[in-house]
Amino acid sequence: MTLTHDVAGDGSAVVLVHSTACDRRMWDPQIPALSDAGHLVVRCDLRGYGETPVPDRPYDSARDVLDLLDLLAVEKAALVGASGGGRVALELAARWPHRVSALALLCTALAGHEPSDELRAFGDREDALLEAGDIDGATDLNVTTWLGPYADDATRAKVREMQRHAFEVQLAAADEYPPIRVAADPARINAPSLVVAGAHDLSDFRTIATHLASTIPEARLVELEWAGHLPSLERPDVVNALLVDFLGSALE
């Protein structure tokens, strides 16, 4: 299956991998900034999100993104991943380090992380709401949890739309197939890396960021004091400048 995707601009390739609370539309604010900075910008919908169908068999998201690079004849790309998309980007960079020129992780998840009581309680509440058929309640829970205090109403509405769409698509699927999890050692990543954490995010993701910054050989940690879990949507101008500066130095 080819992931639904968009391509904009020209130059060194940058692939944007969305949070699992969103879809590729979350990167709308980043496309002009990155393409104007001289990059070929690719964004995709993972399976079961946006316009990519739900999986019809066990699937490997990192391999899906790699297959997309092959389809587009992109030999090497910078990866920018948010939350669950960061986990995918991390895995790709660790399994195929020769294909990754730079790595930016925004409040990333990490395979194998043991969830805190707070994150576990969120998951249990989300499951209970979905099992009760309360998609609106589950959607509102995600919006409240993942956006920081400075996100405006338009941003909250956009995340609500993307998260609800994902729930509707995934709940309508006849069968549920799990992702294939492949152990990936962050220490194998040899690309310059930027790890971003939000001060208002759940503690799990701040802990993950600190761990990765000390594990990935060429990593730099930045904490955004105003950010929740989705900083690229909360204050896109700040994150755009951060990404443009990082990619400019990493790819020069």
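- Remark: the backbone N or O of Gly85 is not paired with any side-chain donor or acceptor of Ser83 at under 3.5 angstrom.
- Between Val80 and Leu243 the shortest side-chain heavy-atom distance falls below 4.5 Å.
- For the pair Trp96 and Glu91, the minimum side-chain heavy-atom distance is 4.5 Å or more.
- Tracing side-chain contacts under 4.5 Å through hydrophobic residues (I, L, V, M, F, W, Y), one reaches Val244 starting from Val14; they form part of the same cluster.
- Checking side-chain atoms of Asn240 against main-chain N and O of Leu34 turns up no donor-acceptor pair under 3.5 Å.
- At a threshold of 4.5 Å between non-hydrogen side-chain atoms, the residues Tyr177 and Arg47 do not count as touching.
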TODO: Just do the side-chain contact (heavy atoms from CB on, under 4.5 Å) check on Leu224 and Val196 with the steps written out, would you?
DONE: CA-CA 7 Å; Leu224 303 175; Val196 176; 3.7 Å; yes

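- Using a 30° and 60° split on the angle between ring planes, Phe122 and Trp146 fall in the perpendicular class, above 60°.
- Note on Leu130 and Val143: separate hydrophobic clusters, where clusters join Ile, Leu, Val, Met, Phe, Trp and Tyr whose side-chain heavy atoms are under 4.5 Å apart, directly or indirectly.
- The backbone N or O of Gly48 lies less than 3.5 Å from a partner atom in the side chain of Gln170, making a donor-acceptor pair.
- Asp6 is not listed as a side-chain neighbour of Val42, based on a closest heavy-atom distance of 4.5 Å or more.
- Listed here is the closest heavy atom pair of Ala250 and Pro192: CB-CB, 3.9 Å.
- From Leu230, atom CG reaches atom NE2 of His18 across 12.0 Å, with rounding to the nearest 0.5 Å.
- Glu51 contributes atom CD, which lies 8.5 Å from atom CG of Asp23 (distance to the nearest 0.5 angstrom).
- Residue Leu212 holds its CG atom at 10.5 Å from NE2 of His113, rounded to the nearest 0.5 Å.
- Salt bridge absent: Asp185 and Arg95 never bring a charged side-chain N and a carboxylate O closer than 4.0 Å.
- A cation-pi arrangement is absent between Arg24 and Tyr49 under the rule of less than 6.0 angstrom and at most 45 degrees off the ring axis.
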TODO: Would you check, one step at a time, whether the test side-chain contact (heavy atoms from CB on, under 4.5 Å) holds for Met162 with Phe167?
DONE: CA-CA 9 Å; Met162 290 186 285; Phe167 281 147; over 6 Å; no

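- A distance-only check finds a donor-acceptor pair linking the side chain of Thr52 to the backbone of Asp45 [under 3.5 Å].
- Checking side-chain atoms of Ser193 against main-chain N and O of Ala191 turns up a donor-acceptor pair under 3.5 Å.
- No hydrogens or angles considered: nothing links the side chains of His229 and Thr145 as a donor-acceptor pair under 3.5 Å.
- Taking CD1 of Ile135 as the start and NE2 of His165 as the end, the distance is 12.0 Å to the nearest 0.5 Å.
- Interatomic distance, OG of Ser35 versus CG of Leu40, reported as 10.0 Å (0.5 Å rounding).
- For the pair Asp153 and Arg160, the salt-bridge criterion is not met [side-chain N within less than 4.0 Å of a carboxylate O].
- Nearest heavy atom pair, residue Pro29 against residue Pro236, reads CB-CB, 3.4 Å.
- Clustering ILVMFWY residues whenever any of their side-chain heavy atoms sit less than 4.5 angstrom apart, transitively, puts Leu119 in the very cluster that holds Leu129.
- In this structure, the side chain of Asp204 engages the main chain of Ser116 through a donor-acceptor pair within 3.5 Å.
- For the residue pair Asp152/Thr155, the side-chain donor-acceptor check at 3.5 Å is satisfied.
- Of all heavy-atom pairs spanning Ser12 and His39, the tightest one is OG-ND1, 2.8 Å.
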Donor-acceptor pairs under 3.5 angstrom involving side-chain atoms of residues 68-78: please list them, not counting sequence neighbours.
unit_1: Asp70; atom_1: OD1; unit_2: Arg99; atom_2: NH1; d: 3.1
unit_1: Asp70; atom_1: OD1; unit_2: Arg99; atom_2: NH2; d: 2.9

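- Of all heavy-atom pairs spanning Val100 and Ala93, the tightest one is CG2-CA, 3.7 Å.
- Between Asp60 and Asp64, every side-chain heavy-atom pair lies at or beyond the 4.5 Å cut-off.
- Considering only heavy atoms from C-beta on, Arg25 comes within 4.5 Å of Glu161 through its side chain.
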Open item on the list: Checking Leu79 against Leu92 for the side-chain contact (heavy atoms from CB on, under 4.5 Å) test, could you report, in this order, the C-alpha distance in whole Å, the side-chain angles of both residues, the deciding distance, and whether it holds?
Closed with: CA-CA 9 Å; Leu79 304 179; Leu92 197 162; 4.0 Å; yes

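- Rounding to the nearest 0.5 Å places SG of Cys22 at 11.5 Å from CG of Leu46.
- Side-chain contact between Ile31 and Leu16: present, with at least one pair of heavy atoms (C-beta onward) separated by less than 4.5 Å.
- The hydrophobic cluster containing Met1 does not contain Val7, counting ILVMFWY residues as joined when their side-chain heavy atoms lie under 4.5 angstrom apart, directly or transitively.
- Side-chain N or O atoms of Thr108 include none that pairs as donor or acceptor with a backbone N or O of Leu105 at under 3.5 Å.
- Glu114 has a carboxylate O that lies under 4.0 Å from a charged side-chain N of Arg120, or vice versa, which qualifies the two as a salt bridge.
- The environment of CG in Asp117 is sparse: at most 12 heavy-atom neighbours from other residues, nucleotides or ligands sit within 6.0 Å.
- In this structure, Arg206 contributes its side chain and Asp201 its backbone to a donor-acceptor pair below 3.5 Å.
- Between Glu168 and Arg164 there is a salt bridge, since a side-chain N of the basic residue sits under 4.0 Å from a carboxylate O of the acidic one.
- The minimum heavy-atom distance between Leu3 and Cys44, with the atom names listed, is CD1-SG, 4.0 Å.
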Open item on the list: Apply side-chain contact (heavy atoms from CB on, under 4.5 Å) to residues Arg87 and Ile208 and explain how you reach the verdict.
Closed with: CA-CA 11 Å; Arg87 180 175 55 221; Ile208 288 169; over 6 Å; no

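- In this structure, Asn190 and Pro97 approach most closely via the heavy-atom pair OD1-O, 3.6 Å.
- When side chains are defined from C-beta on, Pro231 does not count as touching Val238, because their heavy atoms never get closer than 4.5 Å.
- With hydrogens and angles ignored, the 3.5 Å screen pairs a side-chain donor or acceptor of Ser214 with a backbone N or O of His211.
- Of the possible donor and acceptor atoms, none in the side chain of Gln163 sits under 3.5 Å from a partner among the backbone N and O of Asn142.
- Placement of Val182 and Leu110 in two distinct hydrophobic clusters is found when ILVMFWY residues are connected by side-chain heavy-atom separations under 4.5 Å, directly or transitively.
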